[in-house]
Undergrad: 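Provided herewith is a single structure, encoded as structure tokens, for subsequent inquiry.
Excluded from the calculations below are hydrogen atoms, water molecules and symmetry mates; all remaining heavy atoms, backbone and side chain alike, are included. Chain naming here is simple, since letters A, B, ... match the order of the sequence lines and numbering starts at 1 in each.
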2 protein chains.
Amino acid sequence: MDKLDRTDRKILQLLQQDCRITIKELAEKLHLSNTPVYERVKKLERSGIIKNYVAVLDPEKIDRNLVVFISISLTKHTRDVVEKFESEVLALSEVMEFYITSGNFDAMVKIMVKDMNAFQHFIQEKLSKFEYLTRFNSTFVISSSDKIGYDL
Amino acid sequence: MDKLDRTDRKILQLLQQDCRITIKELAEKLHLSNTPVYERVKKLERSGIIKNYVAVLDPEKIDRNLVVFISISLTKHTRDVVEKFESEVLALSEVMEFYITSGNFDAMVKIMVKDMNAFQHFIQEKLSKFEYLTRFNSTFVISSSDKIGYDL
DNA sequence: ATTGAAACGAATGAACG
DNA sequence: CGTTCATTCGTTTCAAT
């Protein structure tokens, strides 16, 4: 897919805010008929610019209101060790995001848990068991705000 | 909303993976008819457990492939200063997430930009202009992986 | 690349077990 | 809770431009 024109960007902006909007409604907002909007959305999907459509849940309502970033140092940095660590860490239910990073640590994970007890359990029973993990540092999130989508 | 039963959790799991799935398809996967599935989805929406439905874009395809976490120290920590800082920083197109944090810094932002030039521009022309910002530290993301949704 | 219409399939709500 | 069924509404395709 090449360049996005004004209409494509507007479609993406609206779908980033609410992807259950109907083609019909999109068409009305854009002052076009169904077909061109339909074709544009399909093209954006096929090109991979739209990766997928997901439901966003409220962390508070599902007991995931405590967010912690944990920076991690490893003792080995070979590809196989790092990849195994990544996939095993990401498989833990508390872990939402995994990053290989520059700087003082090798990796960072974002975890979302119910409370401090759940955090302690995660550290003691799960994270600390990894063989090649040598050191970590936890940064607690006091409050946060996310942007709805990308500015195009 | 009270407790989620097995069916609710399955619905949420499927909607977190693909929220454009039809009620009909959902019903087939759950071996139920349309109506109960429809009613459950509406209830999950009304209760706020489902916050919204969003299209996820591919960062690479929209020139946002360089991800950087920037930890920030402020000189003042009053409510008004922090809130103004938060809203102004979040309004910058490069900034996707803003966190008030514990630890050595006061805040952390996640930015997504095209390349190092865009990063440099962000630092020099945008971030550095904030009056109460005193010190910051950038952690570059080398690779990352996100989880599709919450394990319920 | 857009329109308008038509065929099809899904969402919604009533009636009921 | 669940099912079936009827109606409404959106999606998808296509001929024409």
Undergrad: Whole Å only: how far is the CZ atom of B/Arg6 from the C1' atom of D/dG2?
TA: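 About 19 Å, once rounded to whole Å.
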Undergrad: Strictly below 4.0 Å, N to O, side chains only: are B/Arg40 and B/Asp5 in salt-bridge contact?
TA: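 Judged by the 4.0 Å cut-off on N to carboxylate O distance, B/Arg40 and B/Asp5 do form a salt bridge.
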Undergrad: Looking at C/dA11, D/dT12, D/dG2, which one has an atom nearest to any side-chain atom of A/Asn34?
TA: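 It is D/dT12.
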Undergrad: Can you measure B/Arg20 atom CZ to C/dG9 atom P for me and round it to whole angstrom units?
TA: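 So the two atoms are 19 Å apart, to the nearest Å.
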Undergrad: Rounded off to whole Å, could you give me the CG-to-P distance for the B/Leu32 and D/dC1 pair?
TA: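 After rounding, the reported distance stands at 12 Å.
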Undergrad: Closest to the A/Ser33 side chain: C/dT3, C/dA11, D/dG2?
TA: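 Selected nucleotide: C/dT3.
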Undergrad: Figure out the NE2/C1' separation between B/His31 and D/dT3, and round it to whole Å.
TA: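 So the two atoms are 17 Å apart, to the nearest Å.
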Undergrad: Could you state the atom-to-atom distance from CD1 of B/Ile21 to P of D/dG10 in whole Å?
TA: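 The distance from CD1 of B/Ile21 to P of D/dG10 comes to 21 Å, rounded to the nearest Å.
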Undergrad: Quickly work out the B/Leu26 CG to D/dG2 C1' distance and round it to whole Å.
TA: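 Computing the B/Leu26:CG to D/dG2:C1' distance gives 17 Å.
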Undergrad: Assess the residue pair A/Glu45 and A/Tyr53 against the criterion (side-chain hydrogen bond (donor to acceptor under 3.5 Å, both in side chains)); give the C-alpha distance rounded to whole Å, side-chain angles, the decisive distance to 0.1 Å, and a yes or no.
TA: CA-CA 10 Å; A/Glu45 290 171 356; A/Tyr53 298 101; 2.6 Å; yes
Undergrad: For A/Lys84, is there an ion pair with A/Glu88 - N to carboxylate O distance below 4.0 angstrom?
TA: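 Result for this pair is yes, salt bridge flagged.
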Undergrad: Tell me whether A/Arg135 is salt-bridged to A/Asp106, with the criterion being a basic N under 4.0 Å from an acidic carboxylate O.
TA: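 Salt bridge: no.
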Undergrad: Is the closest basic N to carboxylate O distance between B/Lys42 and B/Glu39 below 4.0 Å?
TA: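 Between B/Glu39 and B/Lys42 there is no salt bridge, as every charged N stays at least 4.0 Å from the carboxylate O atoms.
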Undergrad: Is any side-chain N of the basic residue among A/Lys147 and B/Glu97 closer than 4.0 Å to the acidic one's carboxylate O?
TA: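 No.
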Undergrad: What nucleotide among D/dG2, D/dT13, C/dT3 has an atom nearest to a side-chain atom of A/Tyr38?
TA: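 So the side chain of A/Tyr38 is nearest to D/dT13.
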Undergrad: Convert the base pairs of DNA chain D into dot-bracket notation, remembering that pairs crossing earlier ones are written with [ ] and that bases paired across to another strand are shown as |; include only Watson-Crick or G-U pairs under 3.5 Å.
TA: .||||||||||||||||
Undergrad: Picking from D/dT3, D/dG10, C/dA10, which would you name as closest to the side chain of B/Lys24?
TA: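 When the side chain of B/Lys24 is considered, C/dA10 is the closest of D/dT3, D/dG10, C/dA10.
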Undergrad: Between C/dT12 and B/Thr35, counting only base atoms on the nucleotide and side-chain atoms on the residue, is there a donor-acceptor pair under 3.5 Å?
TA: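 There is none.
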Undergrad: Using the ring of B/Tyr150 (Phe, Tyr or Trp, six-membered ring only), decide whether A/Arg64 places NZ or CZ under 6.0 Å from its centre and within 45 degrees of its axis.
TA: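 No; the conditions do not both hold, so A/Arg64 does not lie above the ring face of B/Tyr150.
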Undergrad: Can you tell me the distance, in whole Å, between the NZ atom of A/Lys43 and the P atom of D/dT12?
TA: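 The answer, rounded to whole Å, is 18 Å.
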Undergrad: Strictly below 4.0 Å: does A/Arg40 bring a side-chain N or O up to OP1 or OP2 of C/dA1?
TA: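 So the side-chain polar atoms of A/Arg40 never come under 4.0 Å of the phosphate oxygens OP1 or OP2 of C/dA1.
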Undergrad: Can you tell me how far P of D/dC9 sits from CD1 of B/Ile23, to the nearest Å?
TA: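 Interatomic distance, CD1 of B/Ile23 to P of D/dC9: 17 Å.
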